[in-house]
Amino acid sequence: MCFDYDSSPPELPFDLVVPAMAGGAAAEPLELTSADGTRFSAALAEAPDGAATGVVILPDVRGLYRFYVELAERFAQAGHHAIAFDYFGRTAGTGERDDDWDYMPHVVQTTVAQVQADALAALQTLRDRTGVGAAATVGFCFGGSQSFAAGTSAELALDRVVGFYGSLVPRREGAPAVLELAADIRCPVLGLFGGADEAIPADQVEAFAHKLEEGGVEHEIHVYPGAPHSFFDRKYDEHAEACEDAWRRVLGFLGA
């Protein structure tokens, strides 16, 4: 298992919290409708007026787990309207799920097209509610790969994409082949990886950077030595420095 069920997103560095949001931001649970009529769950956290970039959060294999609801609130505290959404409305319905919920049978039924359609519905809701213009996806693990893939979508027309430890080669039928599509990404890319992540070896990360370079895609790739897969999702104190640095890189990238 690559995460702790009772973990929370790393706290924002104090200097990155918008003063008006120092008391926190409460995310609003929503049900949205995708292009094919599917109802799916989402959570929206609004920042103060004037947010420069809206953030669409693509969770890991758990879908809209409470970790990602809290993460939307963290982004709002940092001054970015944010919405996190669930992948599994087609196969598992809507609403909160227990920790022992078996997500993998639902993960294997997702497609890139479905995820992008749901991301578009989430982005449209974010814009309708907040008026934000520029938009980015920020994804984790399964969602990291999907975030990179979303950068190729003309319909989403994203301004930036961020992927935390997203798999770069397909691990199942229908998963994004990130290395193959890297040169087709239409916006700047930030990729964050763990140096001790056995699932994403260094040669794949280097190949990803090379493909982006070949395609003329503006990018920043950073590897945290000794950090495991899902280092940002864990409670372990030894990853606090990597998590703080990741926050700074992501927020700096969104505000660039």
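Under the 4.5 Å side-chain contact rule for hydrophobic residues, Leu30 and Val69 do not share a cluster.
You'll find the ring centres of Phe231 and Tyr224 inside the 6.0 Å limit. Aromatic rings of Tyr87 and Phe40 (six-membered ring for Trp) have centroids beyond the 6.0 Å cut-off, not under it. Aromatic rings of Tyr165 and Phe193 (six-membered ring for Trp) have centroids beyond the 6.0 Å cut-off, not under it. Aromatic rings of Tyr65 and Trp101 (six-membered ring for Trp) have centroids beyond the 6.0 Å cut-off, not under it.
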Stepwise side-chain contact (heavy atoms from CB on, under 4.5 Å) check, Val169 with Gln204: CA-CA 8 Å; Val169 297; Gln204 289 183 10; 3.8 Å; yes

Worked verdict on His210 versus Glu206 for side chain to side chain donor-acceptor pair (under 3.5 Å): CA-CA 6 Å; His210 181 66; Glu206 291 168 4; over 6 Å; no

Derivation of the side-chain contact (heavy atoms from CB on, under 4.5 Å) call for Arg74 and Ser8: CA-CA 10 Å; Arg74 295 277 199 278; Ser8 295; 4.3 Å; yes

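Here the straight-line distance linking atom OG of Ser153 with atom CZ of Arg186 works out to 7.5 Å at 0.5 Å rounding. In this structure, the separation between CZ on Arg248 and CG on Leu12 is 9.5 Å, given to the nearest 0.5 Å. Here the straight-line distance linking atom CG of Leu168 with atom NZ of Lys211 works out to 12.0 Å at 0.5 Å rounding. Here CZ of Arg249 is found 12.0 Å from CD of Glu244. Values are rounded to the nearest 0.5 Å.
In this structure a side-chain-to-backbone donor-acceptor pair under 3.5 Å is present from Gln109 to Pro105. Listed for the Gln114 side chain is a donor-acceptor partner under 3.5 Å among the backbone atoms of Thr111. Within the 3.5 Å criterion, the main-chain N or O of Val162 finds a donor-acceptor partner in the side chain of Ser147. Formation of a donor-acceptor pair under 3.5 Å by the Trp247 side chain with backbone atoms of Pro13 is not found in this model.
In summary, of the residues considered (Leu158, Val178, Leu212), a side-chain contact (heavy atoms from CB on, under 4.5 Å) with Ile185 occurs for Leu212 alone.
Aromatic ring orientation, Phe75 versus His80: perpendicular (interplanar angle above 60°, classes split at 30° and 60°). The aromatic rings of Phe88 and His106 sit tilted relative to each other, their planes meeting at an angle between 30° and 60°.
Within a 6.0 Å sphere centred on CD of Glu213, other residues, nucleotides and ligands contribute 12 heavy atoms or fewer. Applying the 6.0 Å contact sphere to CD of Glu198 captures no more than 12 heavy atoms from other residues, nucleotides or ligands.
Side-chain atoms of Glu31 and Thr94 include a donor-acceptor pair closer than 3.5 Å. Judged purely by distance below 3.5 Å, without hydrogens or angles, the side chains of Arg39 and Thr33 pair a donor atom with an acceptor atom. For the 3.5 Å distance criterion, the side chains of Tyr68 and Asp86 fail to qualify, holding no donor opposite an acceptor. A side-chain donor from one of Arg172 and Thr110 sits under 3.5 Å from a side-chain acceptor of the other.
For Arg97 and Asp102, the salt-bridge test fails: no basic side-chain N is under 4.0 Å from an acidic carboxylate O.
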Show me the side-chain donor-acceptor pairs of residues 116-136 shorter than 3.5 Å, one per line, residues at least two apart or across chains.
from   : atom 1 : to     : atom 2 : distance (Å)
Gln116 : NE2    : Ala149 : O      : 3.2
Asp118 : OD1    : Ser34  : OG     : 2.6
Asp118 : OD1    : Arg90  : NH2    : 2.9
Asp118 : OD2    : Arg90  : NH1    : 2.9
Thr125 : OG1    : Ala121 : O      : 3.0
Arg127 : NE     : Gly133 : O      : 3.0
Arg127 : NH2    : Gly133 : O      : 2.5
Arg129 : NH1    : Glu28  : OE1    : 3.3
Arg129 : NH2    : Glu28  : OE1    : 2.6
Arg129 : NH2    : Glu46  : OE2    : 3.2
Thr130 : OG1    : Leu126 : O      : 2.6
Thr130 : OG1    : Val132 : N      : 3.2

